[in-house]
Visitor: 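Below: one structure in structure tokens.
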Amino acid sequence: MMKPKTTHDANDNLFEEADEMDGKLFTHNLGYPRIGEQRELKRATEAYWKGKISCDELESTGRTLRALNWAKQKAAGIDLIPCNDFSFYDQTLDLTCLVGNVPPRFRWEGEKVDLDTGFRIARGTDHHACGHGCSAQGGVFASEMTKWFDTNYHYIVPEFRADTEFRLSGTKIFDEFKEATALNINAKPVLIGPVTYLTLGKAQEDFDPYTLLDQLVVVYEEILRRLSALGAEWVQLDEPVWALDLSDAPLKALQAAYARLGKAGPKVIVATYFGPLRENLSHFLELPVAALHYDVVRGVEDLDRLLALFPTDKILSLGVVDGRNIWKNNFDASLSVLDKARRIVGVERLWIAPSCSLQHSPITLKNEPGLDPELKSWLAFADEKVAEIVALSNLKPETLEENRAALASRRKSSRIHDPKVKTRLAAVQNADLERSAPFAERRKLQHEKLKLPAFPTTTIGSFPQTAEVRAARAKWKRGEMQTTAYEAFIKYVIRECIEFQDSIGIDMPVHGEFERNDMVEYFGEQLSGFAFTENAWVQSYGSRYVKPPILFGDVSRPRPMTVRWSESAQTLTERPMKGMLTGPITILQWSFVRDDQPRSETARQIALAIRGEVIDLETAKIAAIQIDEPALREGLPLRHADWKYYLDWAVKAFRLCASGVRNDTQIHTHMCYSEFNDIIAAIAALDADVITIETSRSNMELLDAFVDFAYPNEIGPGVWDIHSPRIPSVEEMENLLSRAKALIPPENLWVNPDCGLKTRGWEEVKPALQNMVQAARNLRV
Ligand code: GLN
Ligand code: ZN
């Protein structure tokens with residue numbers, strides 16, 4: 001393997017080598033956030049859906065946002081600026097519309113797929129609360145939506161059938177390129193590549209979607225030719241599938257597609273991101289295109305091999321600035337990468353970029369006046385990342401010094417490093433990850449203490465967050481309502497909620513989580529080590545954006561967080577209350593996480609903090625405690641080979657937080673999904689006394705994993721699909737329970753909904769839970 005001539009771990013002599021290092025690197029961007037600094041896109045699309053603004057007005061908001069985004073990147077000094085990275089909903093959906101792949105149930109006919117048809121695919125034609133996946137009564141159901149790789153962005157899943165025919169059916173990509181050119185922007189149209197599109201879609205019948213490749217590539221060729229005619233020099237095709245485990249079929253498809261697309265029109269840059277290439281590397285380098293983009297942040301393990309093998313006829317774009325996180329780039333580390341690459345590839349063939357599209361970053365630090373200045377000096381959102389790319393392309397000594405100073409302050413800051421946390425963690429023993437008795441023994445003690453009937457009924461935690469509850473919280477947060485008044489109000493709704501549960505006979509009631517806005521934010525606000533922003537929104541799907549907390553420092557729990565609520569709620573009922581906590585992996589997964597220590601270490605810190613809360617709840621006589629981990633599965637790495645390592649530390653983090661209690665305290669966990677086949681051993685290793693999961697939509701079929709594995713502990717398969725407004729009947733839930741009873745030992749079975757009830761209304765919750773309790777009772781006789 002060819003070795004770089006020199007390694008520069010320390011870059012002290014960097015500026016002495018001006019001859020060899022001369023010349024500014026070419027900069028480009030892979031994609032820019034589309035939502036607007038003030039969430040203008042959300043406001044406009046939602047107003048359009050409600051009929052409050054016209055299509056022209058919506059389009060005009062889109063144009064304004066694009067113009068602003070391009071202007072900002074141009075002013076920052078980016079040489080080649082993405083276009084068609086804008087979308088009113090989702091770029092995968094845009095591609096579906098562009099190639100005319102409208103699912104037949106929408107009965108689309110005509111030349112051009114218009115905006116409304118796109119929205120219909122995304123939202124269905126009967127907009128009930130769930131919005132996705134379920135069949136809407138009377139309407140046409142939306143296409144499914146799922147997570148884009150391991151991000152929190154969700155795309156609309158393309159649907160394929162053996163008779164799917166593609167044809168060019170839109171002009172968005174051309175229009176936006178023309179629009180950019182008219183504004184004097186050196187624009188590069190961006191499109192998801194054909195193989196990623198086929199790989200991420202779902203076959204609606206038994207056939208191989210790659211058989212559609214040929215005709216799909218024909219449409220891409222046409223698109224590329226037209227872009228070329230419009231004067232596009234470059235086009236970027238995103239193929240993040242390169243970061244997955246690839247079988248022969250997609251590998252062949254990639255080679256076949258780019259053998260044609262590489263010569264169809266403009267010069268093609270193929271972008272991969274989100275992970276290392278490993279065994280896919282040589283295939284990637286063989287793609288017959290003009291340029292290749294590589295994510296160095298996630299793929300650094302392949303960097304030396306990539307540089308050594310990099311073909312002499314292509315441009316290499318290195319993504320050195322992390323598009324997935326909010327931390328300032330380490331210029332010394334990036335320079336060492338770029339320096340190495342420059343020596344091998346040469347300055348003319350080396351481009352610099354973010355690791356992936358910046359759509360996964362918040363837009364600007366400028367609108368965060370409330371953020372602590374020291375913390376702020378360590379951060380970079382999209383605009384700051386754009387500036388970093390430009391800075392790195394031709395680094396000035398003073399800029400490097402500034403960056404070094406910011407990073408040094410972060411390394412040393414006492415806001416981040418809490419020796420007490422480190423000492424406590426160092427004292428953790430293996431025994432702290434184990435309950436003191438095995439499940440069989442614990443269960444006996446728990447049953448004696450809890451005295452629950454067979455098929456005990458419970459819920460997942462939250463009850464309706466009514467407009468009234470939300471309004472009270474908003475007032476309190478704005479300082480218009482006193483804390484005492486707010487808390488008295490919350491206590492009042494908790495009392496009502498418990499009285500209701502008692503009146504219908506729920507065996508293990510909950511307090512209803514009315515005091516919480518969000519299951520991560522609520523805990524983050526009370527733990528040290530977290531910061532919150534005002535405007536750092538990131539698109540999750542469509543017009544739904546999230547504002548993840550920033551987990552910047554060592555995590556500890558200054559004081560109990562939920563105990564007083566659970567304790568006072570318990571005084572209102574004779575029945576055993578279930579305390580409600582969010583687990584360490586979910587808190588980690590739904591935050592922007594520090595990058596200066598392994599995620600596993602951060603998870604351990606959170607786990608230790610939550611462990612304290614679990615123990616305090618037990619001391620306050622709460623006999624059952626639920627630790628929610630809905631994000632456990634989404635943390636799974638993209639490559640199968642990395643799963644074991646992740647699951648190992650994730651399971652340990654859960655066990656650390658759950659194992660500090662006595663044997664007669666019942667630990668519950670909850671996960672809002674149902675695919676457990678491939679991770680069931682890890683789920684069992686959590687050793688929760690009870691797990692509640694989502695199963696109602698699959699008619700209990702998804703219990704398979706628990707049956708095949710002979711899952712040892714207690715389990716509550718959801719019997720009410722809370723994503724739909726439909727109220728299930730007693731009979732329906734009884735049928736589901738009978739099926740479940742035939743599959744898993746009846747003495748292990750709990751009765752509960754699929755997930756929390758916070759998005760439902762009381763008018764649905766009351767009859768549905770009443771029916772659920774009746775179904776459980778019918779089973780007992
Ligand atoms: N306890 C939470 C609730 O009921 C769980 C939410 C979730 O699983 N996402 O809302
Ligand atoms: Zn859930």
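Numbering of ligands and ligand atoms starts at 1, following listing order.
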Visitor: When you compare ligand 1 with C755, is there at least one nitrogen or oxygen pair between them that comes in under 3.5 angstrom?
Guide: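 No; every N/O pair is 3.5 Å or more apart.
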Visitor: Is T45 reaching over with its side chain to a backbone N or O of K42, donor-acceptor style, under 3.5 angstrom?
Guide: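 Between the backbone of K42 and the side chain of T45 there is a qualifying donor-acceptor contact (under 3.5 Å).
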Visitor: Do the charged groups of R594 and D554 touch, with an N to O distance under 4.0 Å?
Guide: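 So R594 pairs with D554 through a salt bridge.
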Visitor: Looking only at side-chain N and O atoms, does E731 offer a donor or acceptor that is under 3.5 Å from a partner on N735?
Guide: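 No, E731 and N735 have no side-chain donor paired with an acceptor closer than 3.5 Å.
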Visitor: If the Zn ion (ligand 2) is the vertex, what is the angle to SG of C755 and SG of C672, rounded to 10 degrees?
Guide: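 So the angle at the metal works out to 120°.
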Visitor: For H670, counting its heavy atoms only, list the atoms of ligand 1 lying under 4.0 Å from any of them.
Guide: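 Per the distance check, 8 (O).
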Visitor: Should the pair F530 and F532 be assigned to parallel (<30°), tilted (30 to 60°) or perpendicular (>60°) ring geometry?
Guide: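 Parallel.
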Visitor: Give me the nearest non-hydrogen protein atom to atom 6 (C) of ligand 1 as residue plus atom name, then the distance to 0.1 Å.
Guide: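 For atom 6 (C) of ligand 1, the nearest protein heavy atom is M519 SD, 3.5 Å.
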Visitor: So if I count the atoms of ligand 1 from 1 in the order they appear, which ones are less than 4.0 Å from some heavy atom of G461?
Guide: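 By the 4.0 Å cutoff, the relevant atoms are 4 (O).
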Visitor: Consider every N or O of Q626 and every N or O of ligand 1, then say whether any pair is closer than 3.5 Å.
Guide: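 Between Q626 and ligand 1, no N or O pair is found under 3.5 Å apart.
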Visitor: Less than 6.0 angstrom separating the ring centers of W49 and F119, yes or no?
Guide: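 Ring centroids of W49 and F119 are less than 6.0 Å from each other.
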Visitor: Salt bridge (Lys or Arg N to Asp or Glu O under 4.0 Å) for E487 and R564? Distances and angles first, verdict last.
Guide: CA-CA 11 Å; E487 295 202 343; R564 63 202 175 99; 3.0 Å; yes
Visitor: Below the 3.5 angstrom mark, is there an N/O of K758, backbone or side chain, next to an N/O of ligand 1?
Guide: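 Checking ligand 1 against K758, no N or O pair falls under 3.5 Å apart.
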Visitor: Can you name the atoms of ligand 1, numbered from 1 with element, that are less than 4.0 Å from a heavy atom of C672?
Guide: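 Reading through ligand 1 atom by atom, the close ones are 7 (C), 8 (O), 9 (N).
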Visitor: Which ligand 1 atoms, with their elements, are less than 4.0 angstrom from a heavy-atom of G756?
Guide: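 Near G756, meaning under 4.0 Å from one of its heavy atoms, ligand 1 has 3 (C), 4 (O), 10 (O).
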Visitor: Just checking, K766 and F500: is the charged tip under 6.0 Å from the six-membered ring centre and within 45° of the axis?
Guide: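 That pair qualifies as a cation-pi contact.
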Visitor: Please confirm whether E513 comes within less than 3.5 Å of ligand 1 when only nitrogen or oxygen atoms on both sides are compared.
Guide: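 Among all N and O atoms of E513, at least one is under 3.5 Å from an N or O of ligand 1.
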Visitor: If hydrogens are left out, which of D628, T586, D518 has an atom nearest to atom 1 (N) of ligand 1, that is, the closest non-hydrogen atom?
Guide: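 It is D628 that holds the nearest heavy atom.
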Visitor: Any idea which protein heavy atom is nearest atom 10 (O) of ligand 1, and the distance to it?
Guide: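 The closest one turns out to be S462 OG, 2.8 Å.
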Visitor: Identify which one of R435, H668, R443, Q666 satisfies the side chain to side chain donor-acceptor pair (under 3.5 Å) criterion when paired with D689.
Guide: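 Result: among R435, H668, R443, Q666, R435 is the only option passing the side chain to side chain donor-acceptor pair (under 3.5 Å) with D689.
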